[in-house]
There are 4 protein chains.
Amino acid sequence: MTTSHPDRAAARTKTIMQATLALAQEVGYAKLSIEAVAARAGVGKHTIYRRWPSKGLLFLDSLLSLNEPVFDYPDTGDIVADLRRQICTVVDLLANPPWGPLYQALVGEAQHDPAVAAGLNERFIRPQTDKTIVRLRAAQEQGQVSSDMDLDLVMATLSGPLYFRLLITQEPLTHNYVDRVLEALFAGMSPRL
Amino acid sequence: MTTSHPDRAAARTKTIMQATLALAQEVGYAKLSIEAVAARAGVGKHTIYRRWPSKGLLFLDSLLSLNEPVFDYPDTGDIVADLRRQICTVVDLLANPPWGPLYQALVGEAQHDPAVAAGLNERFIRPQTDKTIVRLRAAQEQGQVSSDMDLDLVMATLSGPLYFRLLITQEPLTHNYVDRVLEALFAGMSPRL
Amino acid sequence: MTTSHPDRAAARTKTIMQATLALAQEVGYAKLSIEAVAARAGVGKHTIYRRWPSKGLLFLDSLLSLNEPVFDYPDTGDIVADLRRQICTVVDLLANPPWGPLYQALVGEAQHDPAVAAGLNERFIRPQTDKTIVRLRAAQEQGQVSSDMDLDLVMATLSGPLYFRLLITQEPLTHNYVDRVLEALFAGMSPRL
Amino acid sequence: MTTSHPDRAAARTKTIMQATLALAQEVGYAKLSIEAVAARAGVGKHTIYRRWPSKGLLFLDSLLSLNEPVFDYPDTGDIVADLRRQICTVVDLLANPPWGPLYQALVGEAQHDPAVAAGLNERFIRPQTDKTIVRLRAAQEQGQVSSDMDLDLVMATLSGPLYFRLLITQEPLTHNYVDRVLEALFAGMSPRL
DNA sequence: GGGTAAGCGAGACGGTACGTCCTGTCTTTGC
DNA sequence: GCAAAGACAGGACGTACCGTCTCGCTTACCC
């Protein structure tokens, strides 16, 4: 066991993560310092280092601790509508203020720190992918999605254009954009017969 | 005129960018410091600050200075083959050692520094997109690509899945993956009629 | 009663003091930490703080616990010989390895911590002085020492040059040096008549 | 050359030493921290570490920088009177507030740090000793001091009792005490003939 | 062809944060 | 029922870079 009094320890952990998010909102991830988090949380630096080995992982944990139960898929029988609804929900949360910039920073940090990349994948991307695949498989069985599609690849083609916009061109992610991506992906690029 | 002796200045600029790349290869972008670059290049820190306002932009310039003339599109008349060839070339360069990790770091930095994001877009992404669009427009006119497709969106659906793999799941980008993406995008997700 | 099981407590106290001395020998007093003593002694820090209020006093206790019964004065009837023998014994113990450096450190600590200074005086210097004075008084009565001498002052003039060497010039304290000091003090600085 | 602008650098050095002394007066040497000195002096910590390798040597330099030209010997022809005058001057300065406690702390630190001990000897004790010996040699030639006395030893017997009082018994050092020491040393401990 | 200005290396500087160590207090758990 | 184990807030350590700032040297340009 790590801690003598789990409740106390858990409370402190939460305090630190809240301070982290608050400060990140105020100054941005780049200027976030463990020193400042400790001060804000009223905590010794060691208490942070005891829990997290790096600023990146602290930040990852803090963001994931929000953990709004957003991510359960609807199943109305219409795969395009369900995908649209799900994607819009996630996009609203992760690609717009207040969390958008922080999620962006998190992905940025994952490019510098393999541990953050691994955590991000295991704890956010992979579960999200799994749920999407479950829904897509049902759609395949219902004949709404081409049966020879690798569903991991489908996840990538769905998510990719959104991340491209979020991370590369950094234009705003609108519901309209989601619609157009879905439409294009279902239609395919080949000319209509 | 910027410099009393343009040749000297240009040479120094190049030296600095080479030192930047060399050091970045050795220690990674995250641990790169302007102090170390200056020392490695045998140059005063001021000489760097006079040329670049931040580590990120120095790094952007350094990477782009490689500027291998890779990016001109072939036009064999077969859009899928041409896209494949082009994308594979870029992927081989930017998503594999030795430059892959550094390009990844550059995109990561763009998430923290708007100036880097802007530079990356204007100087690398946008030109690349423009060339792609030219080639796609030709394909549209030849009836190889659906005529009602927004070509900017096509660029995003082509690039997105690759960036998703590079930045998010961080799995290796293979030619096979490029093939599968192209195939899926041209076929579309809807079931075969 | 202080402790439920006095023997146990006394044993623990001894263990701690031994660990203190062992560590002090290894790393020196300056780098000694209560944390390390606790770890070495296999004891909680609290157990140390319960017994000693400061590192200095712990160290003082530890050193005095050696308490070799060195310090009883001989009385052969020859005051100079007796002083010489006594001083040499003390010097051999306190001004040479292994205890010399630690005694030096203890006196050093007394300069920073009044409690250590007080303890050192009461528990080591004063008793030593008292015994010396007893012997000197006998010598005075026998006519071997000038009768109008303040014996506390004599103690200071005997000890002072030795401490000066130990603490200030930090040269080695030899029996020969002891001889010369005694000779000089008994002869006085005035020229021979 | 160490510094581009010697005057600036010297001024900063002085500022730091003054801040050191001021803080040492306020909180004592034991609680003095380089961090606090830097803050008080309005200086980066590095600027201190660039000049001094340890708190002890900074403190040594700071104290010696007072360097009041106190220490030149009078020569009235009467060695006892001259010694008395000289010793009283030094005692007034070094064994009483405001510098007494700090000089005491310096000697204390010398017990923990050999570099401080060496510096103290070379830069303060040795010069002082040399001047004393010059005066004593003159006295020897005039027949006021026994001619077979080792003058280094005389210095130790003069200084020792004073340091014993300052460092060990930590009683106040008065002019009267100086008188009694001088008298005892010149008279010798042997009984009057 | 000599004076002046600019670029430059070198590195000092005030700061900020790092990650570590230790202090002295407090809490829990296990023997 | 005490003590080991160690969490904790706090403070200082010594280091690394940041971005700014002189310094003196070396060109090269213009008169």
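Just so it is clear: chains get the letters A, B, ... in the order the sequence lines come, proteins before strands, and each one is counted from 1.
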Enquirer: Would you mind listing every ring-ring contact (aromatic ring centres under 6.0 Å, His included) that reaches into residues 18-66 of chain C, with sequence neighbours excluded?
Expert: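 Of all non-adjacent pairs touching residues 18-66 of chain C, those that pass ring-ring contact (aromatic ring centres under 6.0 Å, His included) are C:Y29-C:F59, C:Y29-D:H112.
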Enquirer: Give the angle between the helix axes at the two ends of the helix from E:dG1-F:dC31 to E:dC31-F:dG1, taking five base pairs at each end and rounding to 10°.
Expert: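 End axes: 10° apart.
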Enquirer: By side-chain hydrogen bond (donor to acceptor under 3.5 Å, both in side chains), which residues pair with B:T47, not counting sequence neighbours?
Expert: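 Not a single residue meets the side-chain hydrogen bond (donor to acceptor under 3.5 Å, both in side chains) criterion with B:T47.
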Enquirer: Can you name the residues that form a side chain to side chain contact (heavy atoms under 4.5 Å, CB included) with D:A41, not counting sequence neighbours?
Expert: D:T15, D:I16, D:A19, D:V43
Enquirer: Okay, side chain of C:Q25, backbone of C:A22: is any donor-acceptor separation there less than 3.5 Å?
Expert: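 No: the side chain of C:Q25 does not pair with the backbone of C:A22.
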Enquirer: Distance check needed: F:dG19 P versus B:R51 CZ, whole Å only.
Expert: 17 Å
Enquirer: Can you pull the side-chain hydrogen bond (donor to acceptor under 3.5 Å, both in side chains) pairs that have at least one residue in residues 114-123 of chain D, sequence neighbours excluded?
Expert: D:D61-D:R123
Enquirer: How would you list, by chain and number, every residue that makes a side chain to side chain contact (heavy atoms under 4.5 Å, CB included) with B:Q18, sequence neighbours excluded?
Expert: B:K14
Enquirer: I want to confirm an ordering. Mapping D:S33 and B:S33 to their closest nucleotides on DNA chain F, which one lands closer to the 5' end?
Expert: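 Residue closer to the 5' terminus by nearest nucleotide: D:S33.
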Enquirer: Can you tell me which nucleotide in F:dA4, F:dG14, E:dC18 comes closest to the side chain of C:V43?
Expert: F:dA4
Enquirer: Ignoring the backbone of C:T47, work out which of F:dC8, F:dC17, F:dA3 is nearest its side chain.
Expert: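 Of F:dC8, F:dC17, F:dA3, F:dA3 is nearest to the side chain of C:T47.
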Enquirer: Tell me which nucleotide among E:dA12, E:dT23, E:dC18 gets nearest to the side chain of A:I34.
Expert: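 Of the options given, the side chain of A:I34 lies nearest E:dC18.
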Enquirer: Can you name the nearest heavy-atom pair linking C:L58 to C:I48, along with the distance?
Expert: CD2-CG2, 4.2 Å
Enquirer: Determine which pairs satisfy salt bridge (charged side-chain N to carboxylate O under 4.0 Å, His left out) with at least one residue from residues 29-46 of chain A, sequence neighbours left out, and list them in order.
Expert: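 Residue pairs passing salt bridge (charged side-chain N to carboxylate O under 4.0 Å, His left out), neighbours aside: A:E26-A:R40, A:E35-A:K45.
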Enquirer: Whole Å only: how far is the CH2 atom of D:W52 from the C1' atom of E:dA12?
Expert: 14 Å
Enquirer: Hey, which of these two, B:S54 or D:A36, hits DNA chain F nearer its 5' end, going by closest nucleotide?
Expert: D:A36
Enquirer: Who are the ring-ring contact (aromatic ring centres under 6.0 Å, His included) partners of B:Y103, not counting sequence neighbours?
Expert: B:F124
Enquirer: Given side chains that start at C-beta, do those of D:M17 and D:L21 come closer than 4.5 Å, heavy atoms only?
Expert: no
Enquirer: Would you state whether a donor and an acceptor, one from the side chain of C:K45 and one from the base of E:dG24, lie under 3.5 Å apart?
Expert: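 Flag set: donor-acceptor pair detected.
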Enquirer: Can you tell which of F:dC18, E:dT23, E:dC8 lies closest to the side chain of B:A9?
Expert: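 That would be E:dC8.
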Enquirer: Contacts to DNA chain E from residues 108-118 of chain B, heavy-atom cutoff under 4.0 Å, which residues?
Expert: none
Enquirer: Map C:E35 and B:R50 onto DNA chain E by nearest heavy atom, then report which one ends up closer to the 5' terminus.
Expert: B:R50
Enquirer: Can you tell me the distance, in whole Å, between the CZ atom of B:R12 and the P atom of E:dA6?
Expert: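 After rounding, the reported distance stands at 16 Å.
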Enquirer: When all nucleic acid strands are considered with a 4.0 Å heavy-atom cut-off, which category describes C:K55: base, sugar-phosphate, or nothing?
Expert: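 The residue C:K55 makes no contact with any strand.
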Enquirer: What integer distance in Å separates C:L32:CG from E:dC21:P?
Expert: 16 Å
Enquirer: Between C1' on E:dG15 and CD1 on D:I48, what's the gap in Å once rounded to a whole number?
Expert: 13 Å
Enquirer: Can you sort out which residues in residues 17-30 of chain A have a heavy atom within less than 4.0 Å of DNA chain E? Ascending by number, please.
Expert: none
Enquirer: Considering only F:dG14, E:dT25, E:dC13, which nucleotide approaches the side chain of C:H46 most closely?
Expert: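 Comparing F:dG14, E:dT25, E:dC13 against the side chain of C:H46, the answer is E:dT25.
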Enquirer: From OH of C:Y49 over to P of E:dT23, roughly how many Å is that when rounded to an integer?
Expert: 5 Å
Enquirer: Give every residue pair that meets the salt bridge (charged side-chain N to carboxylate O under 4.0 Å, His left out) criterion with at least one member in residues 97-109 of chain C, sequence neighbours excluded.
Expert: none
Enquirer: Mind checking side chain to side chain contact (heavy atoms under 4.5 Å, CB included) for B:A39 and listing every partner two or more places apart, or none if nothing turns up?
Expert: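 If we apply the side chain to side chain contact (heavy atoms under 4.5 Å, CB included) test to B:A39, skipping adjacent residues, there are no hits.
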Enquirer: Over how many whole Å does the gap from A:I16 atom CD1 to F:dA7 atom P extend?
Expert: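 Those two atoms, CD1 and P, are 13 Å apart.
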